[in-house]
Amino acid sequence: MLAEAWSALVANRLRSILTMLGMIIGVAAVILMLAIGSGVQVYIEKQISSLGSNLLIISSGAARTGGGFAQGIGTAPTLTLDDAEAIARLPTVVAAAPQSGFGAQVTAGPTNWLTQVSTSTPSWFQVQDWYPDEGRAFTEMEDRQAARVAVIGRTVADELFGANDPLGQQIRVRGVTFTVIGILPKRGQGIGGSNRDDTIVLPLNSAQRLVQGGGAFRRSVRTISVSVATPEAMAPTEEAISQLLRRRHQLAPAAPDDFSITNITAVGETFAETTGAISLLLGAIGGISLVVGGIGIMNIMLVSVTERTREIGIRMAIGASRGAIRLQFLLEALMLSLAGCLIGVMLGTGLAVIAGKFLPFVTVITPASVIISFAISAGIGIFFGWWPANRAAKLSPIEALRS
Amino acid sequence: MTSGGGKRVLELNGIVKDYASEAGTFRALDGVDVAVDQGEFLSIMGPSGSGKSTLMNIIGCLDSATEGAYRFDGVDISAYDEKALAKLRNDSIGFVFQQFNLLPRLSSRANVALPLVYSGVSLKDRNARADELLALVGLEGKELSRPSQLSGGQQQRVAVARALANNPRLLLADEPTGALDTKTGAEVLALFRDLNAARGVTAVIVTHDPGVAAATNRVVRIQDGRITYDGPPTEQALAGVGHAYDPA
Ligand SMILES: Nc1ncnc2c1ncn2[C@@H]1O[C@H](COP(=O)(O)OP(=O)(O)OP(=O)(O)O)[C@@H](O)[C@H]1O
Ligand SMILES: [Mg+2]
């Protein structure tokens, strides 16, 4: 029975392939979109965990419309080290890292490299959940004493020292010499597409005291990163910090905040929701294509039934029941849609692999998406094959033979 | 009257077939009574349009009568549903058509095996049985040929082999030699005679050819939907003159 359905399709090879085109495109689109969708999902999850979980970032300056990161260049810092210490004392706060930063040309011997310098306290490592895997982080003591020590990112290490071991080597930042004491493990790209490994971390005090322009306003910081104990505590902590800072900054009740608080997890979620919506939309297009493909199958099966009326008559004359005829045409429709699905899965997989090379993340083809595609295709084959198959089965043997 | 005297295979009583058209209803069969016993070799003759094919299609359960009773193997089949009729066609009736009606995409073997597909025989047994039947009709070595690669006579032999696939109680043939030249027609006819004589297959064939009818044991003549003669193949019966049928 299956072999018969197959041979009928092979006999009309070109037509079968053209019929399957709709299914092929539909399934390929669905597979591709699901691959991109789950790729984005994995990517976002990695991003969020790479930023440190349960992270709040407090920035100087009022919140910009639309939320997001509002740390504008040229914003007068309103946050201070004392703010950070006060926040760190809140019960639900695990750590609070005050942070400033500047871009600088960094030299090591003859080589130099333009990178982003972050200046912070040792809490930074805890808040970011990012500790050196070679060497060590700087200590409270080193920060207080403005020690000339630096922790560098992987990219900086590679660019300045190549194959040599950077630990214990000297680097110069704006004319001040620091000793490399630690190297941060690779983290990859940030949400904005920036290279997170292209960075240097200096103790806040060292930078403010030693480096020219390292801290225009003493004890002021650009941002404070706060690590919160639990996800549930995020919202109350945000509120508590807001009230604390308004009190500390002596803002009148009507005055707007002179700081803004960003919930990184929420930003990631928004991003995930947006990409989710986009891939849903594309998936819907794939779905429509599947339905159109199904209608194509129905059309071709109807033509096939008309063309093969005589064959149906012969089969009935030698003892095929209506059920057997219906089954035959249903199997052909099913086989068309499943073969289309198989080709579509292969095409979609190929496209997903190619897309993965151009997108900032890896596309992920889940077994579930393949199974779903096959299930939908089988459903479409049966649904759209049913009517033509029934038409074939309803023919009377003698009328079918006379055609 | 009947020859043979074996078990009764089929019995038609008062069969009427009306065709409805814009011009009103047309009565193609008008009260046909006929009975066939096991082992008989019967020919149906009559002018074109007299209702021979209509009768054969009713006997073969491809079409149903407007009125009248039809008993197959003593069982009234008028109450049979589509599925039961399909099973009857599959198990008990083998049909050979003037236009062969083979499936062009399939090999001889697959064509012959097709009725066995619907009776649920395994592929291996189907092929073995098909090859056996092809040998019986003298087509050894043509198992894999498609109908288009065979002569008309060979195609009709494949059709006969297919009709025999399930060892039917009754073999029906509507002008089986009509599309063949005299020589191949005679070969196919000889095949029917062999099957009847050597294997006791009950056969009913429609023919225009008195030579063909002469080879059978019994002739039924039809004119305008009525039986005008039912008896041995005498010269006058074959010529179709005289002998108004007297059922008494
Ligand atoms: N489907 C149909 N609709 C209307 N009339 C029909 C139909 N089939 C047959 N007839 C009419 O019934 C009559 C008997 O037809 P049938 O085919 O049985 O003749 P036949 O004896 O087999 O003739 P032939 O020797 O030419 O094959 C004819 O007059 C034909 O026109
Ligand atoms: Mg006829």
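Only a predicted model underlies this, so the values are computations on that prediction, with no experimental measurement involved. Just so it is clear: chains get the letters A, B, ... in the order the sequence lines come, proteins before strands, and each one is counted from 1.
To the nearest 0.5 angstrom, Arg105(B) atom CZ is 8.5 Å from Asn12(A) atom CG. The CD1 atom of Ile318(A) sits 11.5 Å away from atom CG of Leu62(B), with the distance rounded to the nearest 0.5 Å. Arg322(A) CZ to Asp81(B) CG: the interatomic distance, rounded to the nearest 0.5 Å, is 10.0 Å.
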task: Determine, stepwise, if the pair Glu82(B) / Ser321(A) fulfils side-chain contact (heavy atoms from CB on, under 4.5 Å).
output: CA-CA 7 Å; Glu82(B) 176 276 326; Ser321(A) 63; 3.9 Å; yes
- request: Please lay out, stage by stage, how Arg162(B) and Ile314(A) fare under the test side-chain contact (heavy atoms from CB on, under 4.5 Å).
  value: CA-CA 11 Å; Arg162(B) 180 180 66 187; Ile314(A) 295 170; 3.5 Å; yes
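With a threshold of 4.5 angstrom between heavy atoms, Leu102(B) approaches chain A through N, CA, C or O but not through any side-chain atom. For chain A, the nearby parts of Asn101(B) are the backbone and the side chain; heavy atoms of each come within less than 4.5 Å.
Residue-environment remark: CZ (Phe374(A)) exceeds the threshold of 12 foreign heavy atoms within 6.0 Å. Around the CG atom of Asp125(B), the shell of radius 6.0 Å holds more than 12 heavy atoms that belong to other residues, nucleotides or ligands. Open room surrounds CZ on Arg199(B); 12 or fewer heavy atoms of other groups in view lie less than 6.0 Å from it.
Nearest heavy-atom pair across Ala320(A) and Ala86(B) is O-CB, 3.9 Å. In terms of heavy atoms, Gly319(A) sits closest to Tyr118(B) at O-CB, 3.8 Å.
Each of Arg315(A), Glu399(A), Met316(A) has some count of heavy-atom pairs under 4.5 Å with chain B, and the biggest count is that of Arg315(A).
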